[in-house]
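Everything numeric here is computed off the predicted structure, so don't read it as measured data.
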Amino acid sequence: MLRIGKPVLETLAECKLKERMPVQSKTDDRGEYTHLEALGRLLAGMAALTGADKIIW
């Protein structure tokens with residue numbers, strides 16, 4: 001989890017995630033939200049590993 005999450009979270013803490021996020025796509029609009037997708041996927045993956053999916057709201 002640290003190998004994948006640490007670079008994203010450290011860059012986010014520096015407020016440079018959007019700036020440093022590599023973007024690979026055929027369309028030009030991916031750069032607008034690729035950094036948000038990376039954070040969302042990271043948080044979803046971390047929640048699954050920590051058992052947060054079992055929390056009842």
Donor-acceptor contacts under 3.5 Å from residues 11-18 side chains, at least two apart:
| from | atom 1 | to | atom 2 | distance (Å) |
| --- | --- | --- | --- | --- |
| Thr11 | OG1 | Pro7 | O | 2.7 |
| Glu14 | OE1 | Arg20 | NH1 | 2.9 |
| Glu14 | OE1 | Arg20 | NH2 | 3.3 |

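- When all heavy atoms are compared, the tightest approach of Val8 to Ile4 is CG2-O, 3.8 Å.
- Using a 4.5 Å cut-off between side-chain heavy atoms of Ile, Leu, Val, Met, Phe, Trp and Tyr, with links allowed through other members, Tyr33 and Leu43 fall into different hydrophobic clusters.
- Rounded to the nearest 0.5 angstrom, Arg41 CZ and Met46 CE are separated by 16.0 Å.
- Crowding of Asp28 atom CG: a count of heavy atoms from other residues, nucleotides or ligands under 6.0 Å not exceeding 12.
- Atoms CD and CG, on Glu37 and Leu42 in that order, are 12.5 Å from each other to the nearest 0.5 Å.
- Separating the CG atom in Leu39 from the OG1 atom in Thr34 is a distance of 12.5 Å, to the nearest 0.5 Å.
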